[in-house]
Every structure is written in structure tokens, then in C-alpha cells.
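Taking it in order: structure first as C-alpha cells, then the write-up.
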Amino acid sequence: MIVKWLRESLVASWLLLLFRLYVGYEWLTSGWSKVTGGFDSAGFLTGALAKSGGDHPAVQGWWASFLEHVALPNVSLFNILVPYGEVLVGLGLILGGFTWLAAFFGMVMNFAFLFSGTVSTNPQLLLLQIFIVVAGTNAGRIGLDYFIQPYFRNNYGRRR
């Protein structure tokens with residue numbers, strides 16, 4: 001019942017707009033400060049690895065292994081992906097363009113930060129993004145998706 005309401009209700013679209021604007025602003029400002037401030041993720045990654053030891057590790061072994069063997073050796077790539085990814089997620093949510101996709105990739109980043117032992121606002125943003133993803137195209141109804149979705153539906157949708 002709630003899923004149907006999220007996916008079809010105009011009232012839900014307006015509520016989701018508020019969620020989108022808040023979450024998008026958080027992503028955009030965080031990403032922009034990294035783009036303009038000389039971001040380097042090496043310290044964050046090293047700190048996350050340090051949280052993987054002890055009796056009660058904040059970072060699980062499988063994630064620490066990913067950080068050690070994939071993220072750290074490719075830190076220059078992550079120094080580009082993280083800030084620009086945050087900016088793009090923020091813009092997508094604020095403008096309502098490719099909303100579902102922007103929220104999904106925001107969720108991926110929130111999970112990565114949580115897996116790395118950082119709580120901060122990640123659970124809150126994650127929860128709001130879940131509502132946006134579940135709502136699907138209705139989340140972008142008041143935004144660019146209003147114009148984008150019909151194009152894809154008409155040109156790439158199922159043919160009968």
C-alpha cells in the first residue's frame with residue numbers, strides 16, 4: 001500500500017521533492033567542497049583500514065581487503081570518482097534528472113562510507129534515498145524526469 005502511494009501519488013511526489021532537495025543539497029555541497037578543496041581519499045582509506053582490527057572492528061575484513069587491495073592502489077581514481085560522483089548525485093537529485101539512478105548511486109556511496117566505519121549523516125541520507133528509489137519515476141515527477149521519462153519510454157520502451 002505504501003509502495004503504491006509512493007509510486008503513484010502526486011502528494012508523494014511533492015514529499016519526495018523535499019527529500020530530493022535535502023539529500024541533493026547534502027551531496028552537492030559535500031562533493032563541491034571536495035572538488036574545490038583538493039580532496040585526497042588516502043587518509044580516509046588508511047583510517048578505515050585501521051578500524052578493521054581489534055576485538056570489535058568497525059570495518060569488516062572483507063571490506064578492509066577491498067580497501068587495501070583495490071581502493072588504496074587506485075587512490076588517484078577514487079580521488080576523482082568520489083567528489084565528482086557526489087556532485088553528480090547532488091545535481092541529479094536537486095534537478096530531478098535521472099532521479100532513481102542518482103539516488104541509487106548515492107546509496108552505493110553511503111553504504112561504502114558506512115562499511116568504512118563512518119556513521120555521520122550516512123544512515124539518514126540512506127533512509128531518504130531508499131524512499132526515492134522505491135518511488136521510482138514518481139520521485140522525479142516534479143523535475144527534469146517529467147520531460148526525460150517520456151522520451152525514454154517512447155524511444156526505448158517495450159514495443160507491442
Side-chain angles (χ1 to χ4, degrees), residues 1-37 39 41 44-45 48 58-67 70-71 74-75 77-160:
M1 184 168 138
I2 187 85
V3 172
K4 181 178 171 53
W5 181 78
L6 281 172
R7 291 183 175 188
E8 297 175 5
S9 169
L10 182 59
V11 173
S13 292
W14 284 100
L15 179 63
L16 291 162
L17 172 64
L18 296 176
F19 287 6
R20 281 185 15 231
L21 292 175
Y22 169 71
V23 175
Y25 175 80
E26 292 295 318
W27 279 118
L28 182 61
T29 57
S30 177
W32 189 249
S33 70
K34 289 178 176 90
V35 167
T36 60
F39 175 71
S41 61
F44 176 81
L45 296 170
V59 176
Q60 297 297 307
W62 66 272
W63 186 254
S65 185
F66 167 78
L67 294 177
V70 176
N74 297 296
V75 71
L77 176 63
F78 281 84
N79 288 341
I80 295 168
L81 291 177
V82 171
Y84 287 100
E86 289 182 3
V87 167
L88 290 172
V89 166
L91 287 174
L93 290 172
I94 289 170
L95 299 174
F98 301 101
T99 306
W100 181 92
L101 194 61
F104 172 78
F105 281 111
M107 288 173 61
V108 169
M109 285 190 288
N110 281 131
F111 275 119
F113 299 148
L114 286 167
F115 289 153
S116 298
T118 302
V119 178
S120 185
T121 61
N122 291 305
Q124 174 185 326
L125 296 176
L126 187 58
L127 178 63
L128 294 174
Q129 289 167 135
I130 288 170
F131 283 107
I132 294 168
V133 168
V134 168
T137 58
N138 199 36
R141 177 192 265 182
I142 303 167
L144 292 178
D145 281 344
Y146 179 81
F147 304 101
I148 295 170
Q149 290 295 330
Y151 172 79
F152 281 99
R153 205 171 306 127
N154 293 336
N155 294 313
Y156 300 103
R158 286 190 203 166
R159 303 270 198 270
R160 293 180 194 237

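When a residue number appears, it is its place in the shown sequence, counting from 1. The figures that follow rest on heavy atoms only: side chains count, while hydrogens, waters and symmetry mates do not.
- Between E8 and N138 the shortest side-chain heavy-atom distance does not fall below 4.5 Å.
- Of all heavy-atom pairs between W5 and L15, the closest is CH2-CD2, 4.1 Å.
- For the atom pair CG (L88) and CG (L81), the distance works out to 10.5 Å, reported to the nearest 0.5 Å.
- No side-chain heavy atom of L93 sits less than 4.5 Å from a side-chain heavy atom of L21.
- Taking the six-membered ring where tryptophan is involved, the planes of W27 and F113 are tilted, since the angle between them lies from 30° to 60°.
- In this structure, the side-chain contact (heavy atoms from CB on, under 4.5 Å) partners of V35, at least two apart in sequence or on a different chain, are W32, P83, Y84, V87.
- Here the side chain of R20 pairs no donor or acceptor atom with the backbone of I132 at under 3.5 angstrom.
- Side-chain contact between T118 and F44: present, with at least one pair of heavy atoms (C-beta onward) separated by less than 4.5 Å.
- When the side-chain contact (heavy atoms from CB on, under 4.5 Å) test is applied to Y146, no partner is found at least two apart in sequence or on another chain.
- Here the closest heavy-atom approach between residue V89 and residue A102 is recorded as CG1-O, 3.4 Å.
- Remark: side-chain polar atoms of R7 are not paired, donor with acceptor, to backbone N or O of T137 under 3.5 angstrom.
- Scanning all heavy atoms of the two residues, the minimum distance from E86 to S30 falls at OE1-OG, 2.9 Å.
- Note that the CD1 atom of I80 and the NZ atom of K34 stand 15.0 Å from one another [nearest 0.5 Å].
- With a 4.5 Å cut-off on side-chain heavy atoms, L125 and T121 count as touching.
- N110 pairs with exactly one of L127, L126, I130, L128 by the side chain to side chain contact (heavy atoms under 4.5 Å, CB included) rule, that one being L126.
- Scored by the ring pair (Phe, Tyr, Trp, His ring centres under 6.0 Å) test, F104 finds W100 as partners (sequence neighbours excluded).
- Rounded to the nearest 0.5 Å, atoms CG (L144) and CG (L95) are 5.5 Å apart.
- Shown here are the side-chain hydrogen bond (donor to acceptor under 3.5 Å, both in side chains) partners of D145, two or more places apart in sequence or in another chain: T99.
- Residues meeting the side-chain hydrogen bond (donor to acceptor under 3.5 Å, both in side chains) test with W14, sequence neighbours left out: none.
- Here the straight-line distance linking atom CG of N154 with atom CD of Q149 works out to 11.0 Å at 0.5 Å rounding.
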Output side-chain donor-acceptor pairs under 3.5 Å for residues 58-67, partner residues at least two apart or in another chain, one line each.
unit_1, atom_1, unit_2, atom_2, d
W63, NE1, S116, OG, 2.9

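- Annotation for F39: atom CZ counts as buried by contact number, over 12 foreign heavy atoms lying within 6.0 Å.
- Between R141 and L10 there is a side-chain heavy-atom pair separated by less than 4.5 Å.
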